[in-house]
Amino acid sequence: MSSVTFLGTGGGRMVVLNQLRKSGGFWLKLDDLNILHDPGPGSLVMIHQLGLKPRDLDAIILSHRHIDHSCDVNVVTEAMTGGGFTPRGHLIAPSDCFNSDPVILQYVRPFVEINEIKKGMEITLKDITMKFPVENMHPVETYGVIYTFRSGRLGYIPDTEYFPGLVTAYEGVDYLILNVVRMKTDKRIRHLNMDEAAELINMIRPKKAILTHFGLQVLKSSPEHQAKLISEKTGVEVIAARDGMTVNFKNGNVNNSNV
Ligand SMILES: [Zn+2]
C-alpha cells in the first residue's frame with residue numbers, strides 16, 4: 001500500500017515559528033520505497049511520535065534550502081544511517097543546499113549517496129522513478145517532483161510563484177500535493193495563493209489533490225473549507241492535510257492519527 005503521512009502542515013514564518021501547525025514535511029511510502037520530503041523543524045520528533053523508523057528511509061529530499069523545509073535534514077540523515085555508522089540511502093537536494101552557506105553539513109555527507117537536483121533529472125530507486133520536471137519560481141533554487149509508482153503518478157509542487165509552465169510540467173499526475181502558503185499574493189515572497197492553487201488543480205485535474213504547508217492567512221480561512229470550495233468549483237477531489245494525517249493512494253482512505 002502506498003501512502004503519504006504528513007509530519008507537519010505548517011508553512012510561512014508565523015505558523016512555523018509559533019508551531020501553530022507542525023513543520024516536519026511528509027513521509028512517502030511508495031510500494032517498497034520510503035522517502036522523507038522537506039524535513040523542517042520538528043521532523044525527527046514527529047517521525048518518532050508517529051511510530052515511523054528513520055532507518056527505514058531510502059532517501060531524504062529537500063525541495064529547497066529554506067529553513068521550514070530543511071532544518072532537520074542533518075539530524076534525520078544521522079538517524080537514517082545509525083549515527084553515520086551504517087552509511088546508506090540518498091540525500092537529494094538542489095546544489096545551493098551543498099554550496100555557499102550549506103544547510104547540509106559536511107560531516108553527514110559521507111553517510112549517504114548525494115544527488116544534486118537539476119531540472120529534468122530522473123532517478124530510479126527500487127523501481128520507483130522520480131523526475132524533477134521544472135525549476136520553481138522562488139527566491140532560492142527549488143524543485144518539485146513527480147513519482148511514478150505502481151498505483152499511479154504523484155506530483156509535489158513545493159513553494160513557488162504561479163507560472164503557467166507548472167501545468168505542463170505536472171500534466172497527467174494522478175495525485176497532487178501542493179504547498180499553499182497564502183490567501184493573497186505578496187510578490188516579495190513568491191508563494192502560491194489559494195486561487196492559483198485552484199487554477200492549477202483545475203488545469204492539471206488529478207484524481208485527488210492535497211493542500212498543505214499553510215501560512216497564517218490560510219489557517220484563518222480554514223484549509224478544509226478552502227479545499228471544499230475548490231472541489232465544488234473544479235469537480236476534483238481536494239483535501240486539506242492535517243498534522244499526522246495519512247492518505248492511502250490506492251483506495252483514497254484518510255486516517256487521522258491523534259497528534
Ligand atoms: Zn520557501
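Remember, it's 1-based here, ligands and their atoms both numbered in the order they're listed. In this text, all values refer to a predicted model and were calculated from it rather than measured experimentally.
Taking the centre of each ring, Phe149 and Phe249 come in below the 6.0 Å mark.
Heavy atoms only, all atoms of each residue included: Asp58 and Met80 are closest at C-SD, 4.4 Å.
By the side chain to side chain donor-acceptor pair (under 3.5 Å) test, Asn179 pairs with Tyr156, Asp159, sequence neighbours left out. In terms of the side chain to side chain donor-acceptor pair (under 3.5 Å) criterion, Ser43 has no residue partners (sequence neighbours excluded). Partners of Glu116 under the side chain to side chain donor-acceptor pair (under 3.5 Å) rule, at least two apart in sequence or in another chain, are Lys118.
Within a radius of less than 2.8 Å around the Zn ion (ligand 1), the protein N, O or S atoms are His64 NE2, His66 ND1, His138 NE2, Asp159 OD2.
A donor-acceptor pair shorter than 3.5 Å can be found between the side chains of Thr246 and Thr5.
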